[in-house]
Enquirer: 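Shown below is the structure under consideration.
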Amino acid sequence: MVLKHITSEFLIGEEETDGHSPMKFLCSDDEIYYCKYRVTSKKDELDLLVYEIVCHYLCEHLGIPTPQIALVELTKDSFEPKDIPRNKLYAKPGVICFGSHIVNPAFLVNDTQLIKSKADFNRYKNPEDLIKIAIFDLWVDNTDRGKAGNFNLLVSTKSGKTSYYAFDNAFTFGGVNSLRIFNPSFEVSTVDKLLNTDYFRSVIKFIPKAERVNIAQKILSLCHDEAVSDIITKTPPLIPGAWNTLPGLYPRMHNFLSNVQRLQKIEHLVLSSLSKI
């Protein structure tokens, strides 16, 4: 695994969100990235950036389209602190942020965009990927896809076909409330998950049940794959030392993802839900 390391060139703006409030930068590779760092005094918050990196590679392993990522070092002349009010306390020159490449053109999916007809469904290039994303969210305990109509899903239309992209995986492994304490004993829940939304059901109902189950079983088998361990093993050398990541985080992530009882519960929840749509 190789993670690109670039620098910020020009601040486009700070996003107003209730999470990391990412900073939008033009970077040294002439591409635009949404850049995240910690916004509170809690240094453990930087673990969320590690989650972003691990989950990016897990998404790739599962065949889930997701924006490319990079490490972005902030440079002195690329921004003014007054222009990043949410980030100004900690986003200083020399700080290394997590960067997510912009998908353009793209629009956010929301809960008012239900798929109401086969014609609407046929506009999408990869509707089956919503099943993959729903399983991924249960597996990594994503607490931020499906809450209050926020799916952290992008749709991008090219050549007449619209594709889904999953992004923003910071609040996985139980999110902020579970920093450095998440473990396999945590209950597998569909609360605030894509699987439990009207939007998900509006799409999946157009996929034949046998096909849904086949997709799900293939993805569930990938969750057991040895490549998962390989991804986690190869992550530590990619992480900036200044992020203060504790060595125990990686075994904890591996134990969480590979726990057989959790995977069995996830399989039951997924197959049961898909059969009822």
Side-chain angles (χ1 to χ4, degrees), residues 18-20 38 40 42-62 64 66 98 130-148 150-152 166 168-197 200 213 216-236 239 243-276:
D18 58 2
H20 279 100
R38 66 183 175 103
T40 73
K42 191 173 184 179
K43 292 183 179 180
D44 296 2
E45 184 187 342
L46 292 173
D47 284 4
L48 304 179
L49 307 186
V50 179
Y51 299 173
E52 286 273 22
I53 292 171
V54 168
C55 287
H56 170 80
Y57 292 113
L58 291 176
C59 280
E60 288 192 336
H61 172 62
L62 299 183
I64 296 171
T66 189
F98 166 81
L130 289 191
I131 297 175
K132 300 178 185 179
I133 296 167
I135 293 171
F136 168 78
D137 286 346
L138 288 171
W139 185 37
V140 300
D141 193 16
N142 189 346
T143 61
D144 195 27
R145 193 171 355 255
K147 180 170 57 179
N150 171 32
F151 302 122
N152 284 331
D168 195 352
N169 296 307
F171 296 111
T172 49
F173 298 99
V176 173
N177 293 332
S178 297
L179 283 170
R180 302 190 176 179
I181 62 169
F182 69 89
N183 62 76
S185 69
F186 280 22
E187 188 63 37
V188 177
S189 172
T190 59
V191 175
D192 293 332
K193 298 287 194 296
L194 182 63
L195 185 74
N196 203 31
T197 64
F200 178 79
V213 170
Q217 289 178 331
K218 287 181 178 178
I219 297 303
L220 288 162
S221 69
L222 288 174
C223 294
H224 292 269
D225 198 279
E226 288 184 6
V228 175
S229 176
D230 194 46
I231 287 168
I232 295 172
T233 299
K234 290 181 178 179
T235 297
I239 305 303
W243 286 7
N244 194 35
T245 306
L246 297 181
L249 175 62
Y250 302 101
R252 183 185 294 273
M253 295 171 91
H254 182 267
N255 292 339
F256 188 78
L257 294 174
S258 63
N259 183 266
V260 174
Q261 287 74 30
R262 280 195 78 247
L263 288 167
Q264 288 174 340
K265 290 178 183 178
I266 290 168
E267 180 175 2
H268 174 75
L269 280 171
V270 169
L271 296 181
S272 176
S273 296
L274 291 178
S275 69
K276 293 175 183 177

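Throughout, residue positions are numbered sequentially from 1 according to the sequence presented. None of the values given here were measured: they were computed from a predicted structure.
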Enquirer: Hey, which of K132, K193, R145 is the one that makes side-chain hydrogen bond (donor to acceptor under 3.5 Å, both in side chains) with D137?
Expert: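 Answer to the side-chain hydrogen bond (donor to acceptor under 3.5 Å, both in side chains) test with D137 among K132, K193, R145: R145.
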
Enquirer: Return yes if some donor-acceptor pair links the side-chain N/O of D144 with the main-chain N/O of N142 below 3.5 Å, else return no.
Expert: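 Side chain of D144 to backbone of N142, a donor-acceptor pair under 3.5 Å: no, none is there.
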
Enquirer: Measure from the side-chain N and O atoms of R262 to the backbone N and O of V188, and report whether any donor-acceptor pair falls under 3.5 Å.
Expert: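 Checking the backbone N and O of V188 against the side chain of R262, no donor-acceptor pair under 3.5 Å is found.
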
Enquirer: Sequence neighbours left out, what passes salt bridge (charged side-chain N to carboxylate O under 4.0 Å, His left out) with K234? Give chain and number order.
Expert: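 Partners of K234 under the salt bridge (charged side-chain N to carboxylate O under 4.0 Å, His left out) test: D230.
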
Enquirer: Under 3.5 Å, side chain of T143 to main-chain N/O of F171, donor-acceptor pair present?
Expert: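 Checking the backbone N and O of F171 against the side chain of T143, a donor-acceptor pair under 3.5 Å is found.
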
Enquirer: Distance-only, no hydrogens or angles: does the S272 side chain make a donor-acceptor pair with backbone N or O of L269 under 3.5 Å?
Expert: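 Side chain of S272 to backbone of L269, a donor-acceptor pair under 3.5 Å: no, none is there.
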
Enquirer: In terms of the angle between their ring planes, are F182 and F256 parallel, tilted or perpendicular, with boundaries placed at 30° and 60°?
Expert: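 Ring orientation, 0 to 90° scale: perpendicular.
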
Enquirer: Okay, side chain of H61, backbone of L222: is any donor-acceptor separation there less than 3.5 Å?
Expert: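 Confirmed, H61 side chain pairs with L222 backbone.
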
Enquirer: Quick check: do N169 and V140 have side-chain heavy atoms less than 4.5 Å from each other?
Expert: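 Answer no - side chains too far apart.
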
Enquirer: Quick check against the 3.5 Å criterion: does S221 have a side-chain atom that pairs as donor or acceptor with the backbone of K218?
Expert: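 A pair under 3.5 Å: yes.
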
Enquirer: Just jot down the side chain to side chain donor-acceptor pair (under 3.5 Å) partners of Q264, sequence neighbours excluded, or say none.
Expert: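 Residues passing side chain to side chain donor-acceptor pair (under 3.5 Å) with Q264: none at all.
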
Enquirer: Checking T197 side chain against L194 main chain: does a donor-acceptor pair fall under 3.5 Å?
Expert: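 Answer holds: yes.
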
Enquirer: Taking E45 for its side chain and T40 for its backbone only, find out whether a donor-acceptor pair lies under 3.5 Å.
Expert: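 Checked: pair present.
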
